[in-house]
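Sending over a structure as structure tokens; questions will come in a sec.
Keep in mind it's a predicted model, so treat the numbers as computed, not measured. Just so it is clear: chains get the letters A, B, ... in the order the sequence lines come, proteins before strands, and each one is counted from 1.
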There are 2 protein chains.
Amino acid sequence: MATGRTHRPATRSRGIPEATVARLPLYLRALTALSERSVPTVSSEELAAAAGVNSAKLRKDFSYLGSYGTRGVGYDVEYLVYQISRELGLTQDWPVVIVGIGNLGAALAGYGGFASRGFRVAALIDADPAMTGKPVAGIPVQHSDDLEKIISEDGVSIGVIATPAGVAQQVCDRLVAAGVTSILNFAPTVLSVPDGVDVRKVDLSIELQILAFHEQRKAGEEAGAESGPEAGTETGAPTAPPAARTGGSSRKGPDGDVPAVMPA
Amino acid sequence: MATGRTHRPATRSRGIPEATVARLPLYLRALTALSERSVPTVSSEELAAAAGVNSAKLRKDFSYLGSYGTRGVGYDVEYLVYQISRELGLTQDWPVVIVGIGNLGAALAGYGGFASRGFRVAALIDADPAMTGKPVAGIPVQHSDDLEKIISEDGVSIGVIATPAGVAQQVCDRLVAAGVTSILNFAPTVLSVPDGVDVRKVDLSIELQILAFHEQRKAGEEAGAESGPEAGTETGAPTAPPAARTGGSSRKGPDGDVPAVMPA
DNA sequence: CCATCTTTGTGCACGCGTTCACAAAGACAT
DNA sequence: ATGTCTTTGTGAACGCGTGCACAAAGATGG
Ligand SMILES: NC(=O)c1ccc[n+]([C@@H]2O[C@H](COP(=O)([O-])OP(=O)(O)OC[C@H]3O[C@@H](n4cnc5c(N)ncnc54)[C@H](O)[C@@H]3O)[C@@H](O)[C@H]2O)c1
Ligand SMILES: NC(=O)c1ccc[n+]([C@@H]2O[C@H](COP(=O)([O-])OP(=O)(O)OC[C@H]3O[C@@H](n4cnc5c(N)ncnc54)[C@H](O)[C@@H]3O)[C@@H](O)[C@H]2O)c1
């Protein structure tokens, strides 16, 4: 997963578990597709398949919202779309600012999936004076000097950070000071924010590394079940271990992994 | 969290919990920064702060990798960088293809964070003939007709999908058929893949919706503790409920939420 | 060599999330 | 009205992840 709230770890918000909240947009997307095909009702089984989850989990998720659904029939698509939208706060308009209009920021600015769900790009902000005034995706870029003014005037509470990692924390601080209380961070840094501010992060690099881990594991177990510790291709070790293995043998890898002596 | 594995739900890979694997890149990033500052050792407390996690959790995570670390001192930065890199499979080179070189795909292609960690953009692939041959971020775009050839020749096992949602599944199918076993999906669709293929997704829209949920909740509890069911501003309800509330009163929202009768 | 002090590694308890399995609800046919 | 059949809503069990708290390890100083 690319995200995770930063502060406020275990806050069961209004009785709805965090894991459920994270799935509601998934259900909503599937339901919207059904709605566009004028499908009137859907069973938990069908909807769960469309959303890629277990049907029991889906029913339990919906049970947190209340007792919608009719036994023997299923759920009314339009009604459920409305209920989930309302629960997620999508019946109102959310102005969003994007800070850092480089490659990624520009792509985000032009992304149609924004407007489709109650989000509106209120402003694009960049520190580069050469960008100021230049329209990106039809919206003129504004200079970061005006950040505070823009946020307070438009009542923006959600900010997207697409700046280089080095300046992300200070951009974040300015956003928070100006009144933003939700931040979506694309920069590969840990942001620290005061209580009451939510941060979610999207990190491409982390996702790829997780995939690489599993990929390596797949390749490893395919090449013979147990060929002993680390069969081939060491790719050059760095320095020596700290105070390498003087005497004791506490324990090694979880199950007969490579011993803690460093190669070369 | 923007992601989540799709199939193969509870696979404790090689004894390392999935949650730990997801944090390893975070530690690695923090450690790399320390390494660049030539910091020789770091305590679990310091490193945990830098990575934004609990120190006990960090120590437990590292304990799955083995007993590195020296009591009373901490962890050797270089050594740990190497161990985590190796565990994540970053000591080898991973060729990656990006399919769909539009706004997002082009941004990804130019992203420096790729190369920095053992990932190499092996090819950019698009279905638009007008794109073919055109260099994006210094790499010429290839036509999707050649997808299979590219993947088998370069031995690509990781694919990134940045096409429109409508074609994502068929692109995915082709990637998998050609030998790709790990997919990072940016299109807002649920991909179905055979066993043995890992899918991770990044969905901007979902992240924003989760933020909106919490944002709404913050605004709600700030405006008076319990003002009864749904104080103001109904934003127009759609159709009527399915077989609305004939007699029984099973139960409503979890804690005195809006009653299940629809407004208007 | 011994004492002290720092920091790791982990046992343990707890809470969240997932899944199974089933009783009850209600649609629908007769 | 009654019976059958589908599907919901949820109780209960289980496993994973988290964080506390502490014993043991080992560095450091005398
Ligand atoms: N491009 C990608 O695919 C991608 C993927 C994942 C993460 N990221 C991350 O997203 C961020 C942006 O990536 P990018 O490729 O668009 O980089 P970029 O260099 O193209 O864009 C960065 C933009 O931020 C602006 N900026 C710099 N400092 C600023 C400040 N203090 N206030 C406001 N604006 C400021 C710059 O003028 C520039 O326009 C980086 O942190 C990168 O690591 C990018
Ligand atoms: N732009 C964003 O910020 C953003 C954010 C989140 C998600 N997404 C998603 O990422 C995807 C791409 O977004 P975008 O803004 O770059 O769209 P885009 O329309 O700019 O680019 C899509 C590209 O895919 C190519 N394509 C179409 N069919 C193809 C096929 N069968 N094989 C290969 N290439 C094909 C098109 O030629 C085009 O170049 C979409 O699914 C979008 O929903 C985009």
Rounded to whole Å, the CZ-P distance (A:Phe62 to D:dT7) equals 16 Å
For D:dT7, take OP1 and OP2 only and decide whether either is under 4.0 Å from a side-chain N or O of A:Ser43. no
Ignoring hydrogens and angles, state whether a donor on the side chain of B:Thr20 or B:Asp61 is under 3.5 Å from an acceptor on the partner side chain. yes
Identify, between A:Gly72 and A:Thr20, the residue whose nearest nucleotide on DNA chain C lies closer to the 5' end. A:Thr20
Is A:Tyr68 near enough to D:dT7 that one of its side-chain N or O atoms lies under 4.0 angstrom from OP1 or OP2? no
Tell me the interatomic distance from B:Leu47, atom CG, to C:dT6, atom P, rounded to whole angstroms. 20 Å
Starting at atom CG of A:Leu58, determine the distance to atom P of D:dT8, rounded to an integer number of angstrom. 9 Å
May I have the distance from B:Tyr75 (atom OH) to D:dA27 (atom C1'), rounded to whole angstrom? 16 Å
Ignoring backbone atoms, test whether A:Lys60 places a side-chain nitrogen or oxygen under 4.0 Å from the OP1 or OP2 oxygen of D:dT10. no
For a quick check under 3.5 Å, do A:Gln169 and A:Thr189 share a side-chain donor-acceptor pair by atom type? no
Could you verify whether a donor N or O on one side chain and an acceptor N or O on the other, from A:Glu78 and A:Ser35, lie under 3.5 Å apart? yes
Return the value, rounded to whole Å, for the distance between atom CG of A:Asp76 and atom P of D:dT7. 16 Å
Between B:Val73 and A:Ala19, the residue closer to the 5' end of DNA chain C by nearest nucleotide is B:Val73
Over how many whole Å does the gap from B:Leu80 atom CG to C:dT8 atom P extend? 11 Å
Closest of D:dG19, C:dG17, D:dG17 to the B:Glu18 side chain is D:dG17
Measure distances between side-chain N and O atoms of B:Arg71 and base N and O atoms of C:dT7, and say whether any donor-acceptor pair falls under 3.5 Å. no
Going by distance alone, is a donor N or O of one side chain under 3.5 Å from an acceptor N or O of the other, for A:Gln209 and A:Ser205? yes
Roughly, in whole Å, what's the span from NZ in B:Lys57 to P in C:dG11? 19 Å
Does A:Asn54 make a side-chain N or O approach to OP1 or OP2 of C:dG17 shorter than 4.0 Å? no
Taking the nucleotide of DNA chain D with the nearest heavy atom to each, does A:Arg59 or B:Arg23 sit closer to the 5' end? A:Arg59
Counting heavy atoms from C-beta on, name the nucleotide in D:dA27, D:dG9, D:dC20 closest to the side chain of B:Ala56. D:dC20
Measuring to OP1 and OP2 of D:dT8, would you say a side-chain N or O of A:Ser44 lies under 4.0 angstrom away? yes
What is the distance, to the nearest angstrom, from the CD atom on B:Glu45 to the C1' atom on C:dG9? 14 Å
If I take atom CD1 from residue B:Ile16 and atom OH from residue B:Tyr64, how far apart are they, to the nearest 0.5 angstrom? 10.0 Å
From C:dT18, D:dT8, C:dA27, pick the nucleotide closest to the side chain of A:Thr70? C:dA27
